[in-house]
Protein chains: 2
Amino acid sequence: MVKPSSQRRRGAVQDLGTEARILDAAHTVFIRRGTSGARMQEIAKEAGVNSALLHYYFRSKAKLSEAVFRRAAAELLPAVIAVLVSDREIEDKIEAVIEIELTKLLQAPYLPGYILSELAHHPERTRQLVSSATGMIPEDVGRRVLGAVRKQITARVRAGTFHPIEPEQLVINLLSLCIFPFAARPMVSLLLGLDDGEFERFIVRRRRQLPAFFLRALRP
Amino acid sequence: MVKPSSQRRRGAVQDLGTEARILDAAHTVFIRRGTSGARMQEIAKEAGVNSALLHYYFRSKAKLSEAVFRRAAAELLPAVIAVLVSDREIEDKIEAVIEIELTKLLQAPYLPGYILSELAHHPERTRQLVSSATGMIPEDVGRRVLGAVRKQITARVRAGTFHPIEPEQLVINLLSLCIFPFAARPMVSLLLGLDDGEFERFIVRRRRQLPAFFLRALRP
DNA sequence: GTCTATATTGTGATAGAC
DNA sequence: GTCTATCACAATATAGAC
């Protein structure tokens with residue numbers, strides 16, 4: 001964001017650069033409280049600076065939340081989209097998407113909750129979520145993904161090795177199965193009776209089992 | 001909530017009872033803005049009353065949001081849980097859950113976004129979401145659902161008609177596939193290039209196709 | 001029960017010293 | 001660049017008339 005200058009100095013409280021520290025703190029607090037529930041005060045405290053500094057670096061809360069969302073959005077889909085538009089075999093794509101996405105979300109388990117919550121209340125940010133993928137415009141991302149998958153499905157169905165399925169359903173099924181358990185984590189944990197460690201192991205097992213589950217559903 | 005009296009009078013602006021009208025308005029606004037983004041002012045306007053009345057009926061914003069969440073929570077899972085703990089065949093359960101849940105969510109498409117957003121920022125409300133099901137305590141809901149499903153899976157695997165799967169994974173897969181498309185609706189619509197009507201038709205097709213998809217994944 | 005003030009606190013944002 | 005002090009207004013909540 002409108003960064004007034006680029007000096008970086010050593011020896012700060014916990015060096016990282018003030019701007020980056022503020023951004024990290026904002027990320028933490030926005031995830032914890034949601035964008036409208038977050039307080040600039042709390043972010044400042046989390047970053048170990050005064051709240052006036054947040055305005056110095058990011059001008060306004062809206063701008064700061066925009067910066068945080070931009071960074072978070074780049075984590076959720078890009079890798080997955082890259083796989084889906086590649087020229088790998090469809091089975092490889094499915095396995096890779098599950099492996100990549102679950103592994104990433106194990107590192108950032110609260111990301112889906114934050115992103116989906118943002119989308120629900122600021123749908124206009126959706127375009128950014130999708131396009132942050134590859135720099136393509138969102139409409140093209142969708143067309144390319146669906147086009148690539150459709151072509152592969154068609155070939156497989158013709159060869160008699162796939163049960164027919166709409167590419168739209170396939171893609172959404174894949175995203176659903178990967179992202180939902182994190183987005184609904186509190187519900188999942190309570191329903192299954194899992195503490196934090198058990199939830200993590202649940203996902204690790206899932207990462208191993210989901211590809212086979214999904215591929216069985218595609219057999220003729 | 002602490003209702004001062006129970007008189008109902010006819011001939012109100014659009015009769016329904018003031019308290020109910022406020023609750024509906026609050027529901028609308030909380031879904032639109034999220035709990036912390038919602039303003040009592042906006043709710044009052046939506047209900048066609050003065051904001052002092054909201055406090056008269058519900059005492060505080062927190063209490064009002066609690067009442068709204070309670071009502072919304074009762075929509076998402078109870079029906080599904082009832083099916084899963086019943087003594088129907090497992091195939092029937094899967095078909096029924098998909099049918100029931102997608103049909104319900106077609107009527108209330110923004111419910112999942114609201115609920116998941118709430119859970120992300122108020123995880124303590126999760127217990128209420130799960131227990132509103134049957135009045136059972138949340139832990140028992142989970143145990144009973146998993147127990148019932150596990151027994152059915154075991155029998156089928158033994159009979160050679162099912163591929164082995166953890167009941168936990170099966171249940172979460174089912175919920176994921178039903179709820180996620182709504183929870184991530186803006187993302188889904190953009191990715192697939194759907195307007196509102198097309199999204200609805202996408203779900204209608206999904207309701208027809210998903211049972212078969214899911215059951216194929218369970219074959220040995 | 002419903003309204004019009006109004007009290008009170010919370011919160012984003014700016015000014016200005018260092 | 002970073003802080004302290006403060007402004008201005010938004011937002012919840014209450015008092016009291018009708």
Side-chain angles (χ1 to χ4, degrees), chain A residues 1-30 32-69 121-122, chain B residues 1-30 32-69 121-122:
Chain A
M1 293 288 84
V2 191
K3 186 191 332 163
S5 93
S6 309
Q7 296 95 305
R8 285 289 106 93
R9 94 263 85 105
R10 298 274 104 198
V13 185
Q14 22 168 325
D15 218 72
L16 222 186
T18 306
E19 186 176 347
R21 235 173 47 246
I22 290 174
L23 205 56
D24 285 349
H27 181 89
T28 302
V29 174
F30 280 133
R32 182 159 57 219
R33 308 278 185 213
T35 300
S36 43
R39 298 290 163 246
M40 296 296 272
Q41 175 59 31
E42 188 176 0
I43 295 171
K45 188 180 174 189
E46 181 88 25
V49 300
N50 189 281
S51 75
L53 258 202
L54 308 199
H55 289 91
Y56 175 74
Y57 279 102
F58 293 94
R59 189 74 191 166
S60 71
K61 183 185 175 183
K63 291 269 209 313
L64 177 55
S65 84
E66 167 71 18
V68 168
F69 182 78
H121 309 312
H122 303 282
Chain B
M1 290 295 82
V2 191
K3 186 191 331 166
S5 93
S6 309
Q7 297 95 307
R8 284 291 107 90
R9 94 262 85 105
R10 299 273 106 200
V13 185
Q14 21 168 324
D15 218 72
L16 222 186
T18 305
E19 186 176 347
R21 235 172 49 245
I22 290 175
L23 204 56
D24 285 348
H27 180 90
T28 303
V29 174
F30 279 134
R32 183 160 55 218
R33 309 275 185 215
T35 299
S36 43
R39 297 292 163 245
M40 296 295 272
Q41 176 58 29
E42 187 176 0
I43 295 171
K45 187 179 173 188
E46 181 88 23
V49 300
N50 189 282
S51 74
L53 259 203
L54 309 198
H55 289 91
Y56 175 73
Y57 280 102
F58 294 93
R59 189 76 192 164
S60 71
K61 182 184 175 182
K63 292 269 208 314
L64 178 55
S65 84
E66 168 71 17
V68 168
F69 182 78
H121 308 314
H122 303 282

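The shown structure was predicted, so the numbers you read here are calculated from the model rather than taken from an experiment.
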Side chain of [X] only, heavy atoms from C-beta on: which candidate in [options] is closest?
| X | options | value |
| --- | --- | --- |
| A/Thr18 | D/dT2, D/dC3, C/dA13 | D/dT2 |
| A/Lys61 | D/dA13, C/dA13, C/dT2 | C/dA13 |
| B/Asn50 | C/dT14, C/dT4, C/dT2 | C/dT4 |
| B/His55 | C/dT2, D/dT14, D/dT2 | D/dT14 |
| A/Ala52 | C/dC3, D/dT4, C/dA13 | D/dT4 |

Looking only at heavy atoms, what is the nearest atom pair of [X] and [Y], with distance?
| X | Y | result |
| --- | --- | --- |
| B/Val68 | B/His27 | CG1-CA, 3.8 Å |
| A/Met40 | A/Ser51 | O-CB, 4.4 Å |
| B/Ser36 | A/Arg33 | OG-O, 4.4 Å |
| A/Ala67 | A/Leu23 | CB-CD1, 3.9 Å |
| B/Ile22 | B/Ile43 | O-CG2, 4.2 Å |

Any side-chain heavy atom of A/Phe58 within less than 4.5 Å of one from A/Glu19?
yes
Can you tell me the distance, in whole Å, between the [atom1] atom of [X] and the [atom2] atom of [N]?
| X | N | atom1 | atom2 | answer |
| --- | --- | --- | --- | --- |
| A/Tyr56 | C/dA13 | OH | C1' | 16 Å |
| B/Leu54 | C/dT2 | CG | P | 11 Å |
| A/Ile22 | C/dG12 | CD1 | C1' | 15 Å |
| A/Leu53 | C/dA13 | CG | P | 15 Å |
| B/Glu19 | C/dT2 | CD | P | 10 Å |

Would you indicate what B/Ser60 reaches in the nucleic acid, counting non-hydrogen atoms under 4.0 angstrom: base, sugar-phosphate, or nothing?
sugar-phosphate
Main-chain N/O of B/Thr35 paired to B/Lys61 side chain as donor or acceptor, under 3.5 Å
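Indeed, once roles are kept as given, a pair shorter than 3.5 Å links the two residues.
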Give, ordered by number, those residues of residues 34-45 of chain A having at least one heavy-atom distance below 4.0 Å to an atom of DNA chain D; if nothing qualifies, reply none.
none
OP1 or OP2 of D/dT14 under 4.0 Å from side-chain N/O of B/Arg59:
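Result: yes.
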